[in-house]
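Each chain gets a letter, A, B and so on, in the order its sequence line appears, and its residues count up from 1. It should be emphasised that the depicted structure is a prediction, and the values quoted were computed from it without experimental measurement.
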Amino acid sequence: MHVDGNALAGPLSEIFTVDMTAAQGQCAGCGQAGPVAGLHVYGDAPGHAMGMVARCPGCDNVMLRLVRGPEAAWLDLRGTVSLRIPLG
Amino acid sequence: MPRGRLEWRIAELIQVKDETPTARTLLFDVPGWPGHLAGQHVDVRLTADDGYSTQRSYSLSAPDRVELTVQKVADGEVSPYLTEVLETGDKLELRGPVGGWFVWRPTGKAPVTLIAGGSGIVPLMAMIRARREAGGATPFKLIYSARAPDERYYAPELRRPEPGVDVTYLYTRAVPEGWTRPPGRITVADVNSGAWPAEFEPDCFVCGPTGFVEAVADMLVALGHDPRRIKTERFGPTGG
Ligand SMILES: Cc1cc2nc3c(=O)[nH]c(=O)nc-3n(C[C@H](O)[C@H](O)[C@H](O)COP(=O)(O)OP(=O)(O)OC[C@H]3O[C@@H](n4cnc5c(N)ncnc54)[C@H](O)[C@@H]3O)c2cc1C
Ligand SMILES: [Zn+2]
């Protein structure tokens, strides 16, 4: 059972100073673009050491993976072509 | 909305209100709180004496104060603590406000359709309250699906007539006396009659259990709504 990318807002706010859920991401699997908030997020509750996986709602490709360890965070974006981050 | 990276803040519970037999509204005092937009949420972190800690997300239910409404999930780790154990004067850690996409701003001009399943009413109530507070004229329609009449949150407030805010209730398990719609899950017909038609190009906000949100978003698309105008927030497994 998944939630959506809104749930990444808190964990990503630990890393970025702008809200990343409003960013438009393009999927490396199918090319679909949409807000990070609209991705399907699987895994533990936010911030768990096990981490969170965000999949494209169009093709299920893993677009973003976030793992939080005690001293560092790993952000894997290899399934994302680009992120357009609004800086209004 | 540039700002510094978010830190955990200490929040003190200052007021409690029962919404239903299994949900309560918690008002917190959070020194230095920067304010927030309707629809945003916070992450709550609980840490046990042995250092084990866990986090959950909760929507802010009002635009002008740090207030959450939490539904007790029977075998849950965090919600039974928040709904049954936490007392006024107790403190917990909270990070927010977060989420810049599932938000409604009082400057919004488009009509608004809100569709809530169970506790999914929480961030949508913040939008209704933000509209009221701003003296807004944007027309709102709310469809609120609850299990039974006594499972509705904010019932007295939503019962008061409010010009420009149209409320439709749906019940999935038990209905009030004399209610014509039999209990059941939301259908396309319910959405069609309770929401703004697609031609009005409304902004649609859908929130609740994942299955509910999925079903309603599909219905809105089938009714011709532009997917880019449909914003969703999934709370997790079906239940509420
Ligand atoms: C962005 C966001 C905003 C949220 N806002 C709110 C809010 O305003 N109010 C609110 O009450 N909740 C809200 N939630 C849900 C909340 O974060 C927790 O998932 C919920 O309180 C259950 O946590 P728990 O620790 O009690 O249960 P867990 O220990 O996580 O789960 C225990 C059991 O309950 C099931 N379960 C988990 N979540 C739910 C659920 N939502 N409904 C039914 N069964 C469930 C699990 O599958 C598991 O079997 C929100 C979630 C997200 C992602
Ligand atoms: Zn894709």
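Between B:R95 and A:S13 the shortest heavy-atom distance is CD-OG, 3.9 Å. Taking both residues in full, the closest heavy atoms of A:A22 and B:W101 are given as CA-CB, 4.2 Å, listed atom of the first, atom of the second, then distance.
Without hydrogens or angle criteria, A:N6 side chain to B:T232 main chain gives a donor-acceptor distance under 3.5 Å.
Contacts between B:E214 and chain A at a heavy-atom distance below 4.5 Å involve the side chain alone, from C-beta outward.
To the nearest 0.5 angstrom, B:L6 atom CG is 9.5 Å from A:T17 atom OG1. Note that OG1 of B:T210 and NE2 of A:H2 are 5.5 Å apart. Values are rounded to the nearest 0.5 Å. Atom CZ of residue B:R234 and atom NE2 of residue A:H40 lie 4.0 Å apart, to the nearest 0.5 angstrom. Atom CD of residue A:E14 and atom CH2 of residue B:W8 lie 7.5 Å apart, to the nearest 0.5 angstrom.
Atom CG of B:D49 is surrounded by 12 or fewer heavy atoms from other residues, nucleotides or ligands within 6.0 Å.
With chain B as the partner, the residue from A:V36, A:L8, A:T21, A:D4 showing the most heavy-atom pairs under 4.5 Å is A:D4.
Pairs passing the ring-ring contact (aromatic ring centres under 6.0 Å, His included) check and including a residue from residues 103-125 of chain B, sequence neighbours excluded, read B:W104-B:F140.
Residues B:D43 and A:P11 form a side-chain contact, since some pair of their non-hydrogen atoms from C-beta on lies under 4.5 Å apart.
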